[in-house]
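What follows is a set of notes on a single structure, which appears directly below.
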Amino acid sequence: MLKNLWKKIGPGFITGAADDDPSGVATYSQTGAIFGYSQLWLALFTFPFMIVIQQMCGRIGMVTGKGLAGVIHANYSKPVLYFAVSLLVIANTINIGADLGAMAASAQMLLGLPFLFWLLLMTGFIIVLEVFVTYKTYSKILKYLALTLFAYVFTAFIVKLDWGIILINTVLPHIQFSKDYLLNIVAILGTTISPYLFFWQASQEVEEAIVDDKIPDIGVGTPAVSRKNVADMNWDTIIGMFFSQAIMFFIIITTAATLHAKGITNIGTASQAAEALRPVAGNLTYLLFAAGIIGTGLLAVPILAGSSAYAVAETAGLKAGLSKKPGRAPAFYGVIAVSTLIGMSISLLGINPIKALYYAAALNGIAAPALMVLVILIANNKDIMGKFVNKRISNIAGWMIVLVMAIAAILFIIDSLKG
């Protein structure tokens with residue numbers, strides 16, 4: 001039974017797992033360390049909204065046979081297309097740099113050797129993995145890398161927890177009107193409902209259609225889609241988003257029960273976060289935390305670079321797809337390599353890795369509302385989606401999270417400008 005379930009889960013599950021990238025791990029760790037359990041309610045609050053938005057993206061890819069950028073290119077003006085893709089690429093590149101920096105710092109802490117060595121090694125390994133491994137094998141590798149996230153479940157059960165307080169803070173929202181509290185909400189929203197996930201899942205549903213011989217190529221032909229196909233995608237997405245939010249939940253309660261409880265509220269680097277856990281939660285927690293950052297980065301960085309590549313290639317009308325060999329889509333793979341290398345360069349600027357991850361999440365929170373508006377408009381367009389347009393409940397939830405994220409981002413920007 002488990003074997004059959006493992007075969008059925010696909011883009012939705014991988015997308016959900018990739019949501020817990022090192023940026024997410026850092027943001028959730030900061031949340032637990034600074035605010036204790038008081039923002040734990042956000043794990044439950046964001047869950048249905050993640051499902052709704054990602055199901056829209058998956059359905060768009062399934063029905064049209066195009067990625068999000070391809071659909072925008074075919075149905076909207078060039079300024080709209082360039083604006084959307086620019087937001088995505090900028091946010092992704094910063095995220096890649098922050099993720100690579102955190103991964104290298106964690107590897108240095110665990111295994112020694114210089115930071116630069118690990119940074120170059122991981123950057124090279126990720127580029128080789130994404131460029132030269134076939135899509136069928138690559139998608140399996142991503143599935144298994146997702147299992148590294150269980151490191152954060154294990155750490156939660158190593159430490160002593162008060163489940164009564166945890167339950168109360170999960171179901172009852174606690175609000176503070178302060179800049180730090182607001183920044184953290186923007187960061188959490190940005191790292192859970194991230195632009196790169198929109199583009200990635202839509203494109204991966206198209207890749208699945210190519211593998212199943214429903215269409216010959218991305219943007220070439222329209223797949224035959226049944227309601228069962230959409231239902232299977234919906235369940236895959238629900239499983240992925242549940243997995244994503246469960247990991248967020250366990251990271252917050254672990255750091256709240258250890259770091260916050262001991263008055264450790266300022267996490268400056270990946271090594272500092274893990275070292276802070278060692279005396280209060282033991283060596284095993286320390287090792288799992290650090291190893292988890294490396295595993296989640298190996299999963300997420302290729303997806304960040306890949307989502308940028310899909311968007312740029314479709315914008316330029318070029319061949320795209322991980323199912324193609326590099327010689328058949330040189331520009332697509334070139335974007336993957338260049339964006340990863342630029343991200344690596346950002347890591348060499350000496351920016352604090354954890355702070356970079358944290359602010360990258362906040363940047364995603366500011367960029368996401370504009371992109372979600374496009375996703376909802378596309379998902380409601382009968383000329384594009386036919387009989388698979390949004391249902392009323394999806395529209396209500398979709399517009400609600402756009403409003404919430406837009407208000408949070410605007411308030412944060414205003415507060416930041418005021419100093």
Side-chain angles (χ1 to χ4, degrees), residues 12-54 95 98-99 102 145-157 159 161 163 165-174 181 183-194 196-197 237-260 267 270 273 277 285 288-289 292-293 295-297 299-300 303 354 357-358 360-362 364-365 368 401 404-405 408:
F13 174 74
I14 293 171
T15 301
D19 194 31
D20 293 313
D21 69 327
S23 175
V25 173
T27 303
Y28 306 146
S29 299
Q30 287 274 30
T31 300
I34 297 171
F35 301 104
Y37 300 120
S38 68
Q39 289 196 356
L40 198 55
W41 59 274
L42 285 165
L44 189 61
F45 174 79
T46 54
F47 177 53
F49 298 116
M50 291 175 68
I51 291 173
V52 166
I53 293 296
Q54 289 305 137
N95 228 71
D99 283 358
L145 281 173
L147 299 180
T148 62
L149 287 165
F150 278 107
Y152 296 108
V153 179
F154 299 147
T155 58
F157 287 100
V159 301
L161 299 169
W163 288 102
I165 294 176
I166 290 170
L167 179 61
I168 291 170
N169 281 275
T170 302
V171 297
L172 295 178
H174 175 81
Y181 198 88
L183 169 62
N184 206 70
I185 288 178
V186 174
I188 284 180
L189 290 172
T191 199
T192 52
I193 305 176
S194 300
Y196 73 93
L197 301 177
T237 303
I238 290 170
I239 292 169
M241 299 310 115
F242 176 80
F243 184 54
S244 171
Q245 294 310 91
I247 301 304
M248 169 185 173
F249 176 85
F250 282 111
I251 293 173
I252 292 175
I253 63 174
T254 299
T255 51
T258 53
L259 304 183
H260 183 79
I267 299 173
L277 283 168
T285 303
L288 286 172
F289 184 91
I293 287 179
T296 58
L299 169 66
I303 290 176
I354 292 293
L357 291 171
Y358 194 58
N364 279 328
I401 193 58
V404 169
M405 290 187 72

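All heavy atoms count here, side chains included; hydrogens, waters and symmetry mates do not.
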Using the test ring-ring contact (aromatic ring centres under 6.0 Å, His included), find all partners of Y181 that sit at least two apart in sequence or belong to another chain.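 For Y181 the ring-ring contact (aromatic ring centres under 6.0 Å, His included) partners, ignoring immediate neighbours, are F35.
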F49: ring-ring contact (aromatic ring centres under 6.0 Å, His included) partners, not counting sequence neighbours: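 So F49 forms a ring-ring contact (aromatic ring centres under 6.0 Å, His included) with F45.
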Measure the spacing between [atom1] of [X] and [atom2] of [Y] and express it to the nearest 0.5 Å.
{"X": "N169", "Y": "L44", "atom1": "CG", "atom2": "CG", "value": "12.0 Å"}
{"X": "F249", "Y": "F47", "atom1": "CZ", "atom2": "CZ", "value": "13.0 Å"}
{"X": "H260", "Y": "T31", "atom1": "NE2", "atom2": "OG1", "value": "12.0 Å"}
{"X": "I238", "Y": "I51", "atom1": "CD1", "atom2": "CD1", "value": "5.0 Å"}
{"X": "I185", "Y": "T46", "atom1": "CD1", "atom2": "OG1", "value": "11.5 Å"}
{"X": "D99", "Y": "N95", "atom1": "CG", "atom2": "CG", "value": "5.0 Å"}

With sequence neighbours excluded, tell me which residues meet side chain to side chain donor-acceptor pair (under 3.5 Å) with [X].
{"X": "T170", "result": "none"}
{"X": "T254", "result": "none"}
{"X": "T296", "result": "none"}

Please assess V171 against W41 for the test side chain to side chain contact (heavy atoms under 4.5 Å, CB included), listing each intermediate value before the final yes or no. CA-CA 6 Å; V171 297; W41 59 274; over 6 Å; no
Taking the six-membered ring for Trp, are F157 and F250 ring centroids under 6.0 Å apart?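 Ring centroids of F157 and F250 are less than 6.0 Å from each other.
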If we only count heavy atoms from C-beta on, is the [X] to [Y] side-chain gap below 4.5 Å?
{"X": "M50", "Y": "I401", "answer": "no"}
{"X": "D21", "Y": "V25", "answer": "no"}
{"X": "I165", "Y": "Y37", "answer": "yes"}
{"X": "L40", "Y": "Y28", "answer": "no"}
{"X": "Q39", "Y": "I252", "answer": "no"}

Could you check whether Q245 and T192, counting side-chain N and O atoms only, form a donor-acceptor pair closer than 3.5 Å?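 The criterion, which ignores hydrogens and geometry beyond distance, is not satisfied for Q245 and T192.
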Closest non-hydrogen atom pair between V186 and A408, with its separation: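 Closest heavy-atom pair between V186 and A408: CG2-O, 3.5 Å.
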Shortest non-hydrogen contact between A368 and M405, atoms and distance: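 So the two residues come closest at CB-CE, 3.7 Å.
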Contacts of type side chain to side chain contact (heavy atoms under 4.5 Å, CB included), residue I168, not counting sequence neighbours: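 In terms of side chain to side chain contact (heavy atoms under 4.5 Å, CB included), with neighbours along the sequence ignored, I168 is linked to L172.
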Taking only residues two or more places apart in sequence or in another chain, which ones pass side chain to side chain contact (heavy atoms under 4.5 Å, CB included) with T255?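 Side chain to side chain contact (heavy atoms under 4.5 Å, CB included) list for T255, sorted by chain: S29, L259.
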Whether the side chain of S244 engages the backbone of G240 through a donor-acceptor N/O pair (distance < 3.5 Å, no angle test) should be reported.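 Looks like no, no N/O pair under 3.5 Å.
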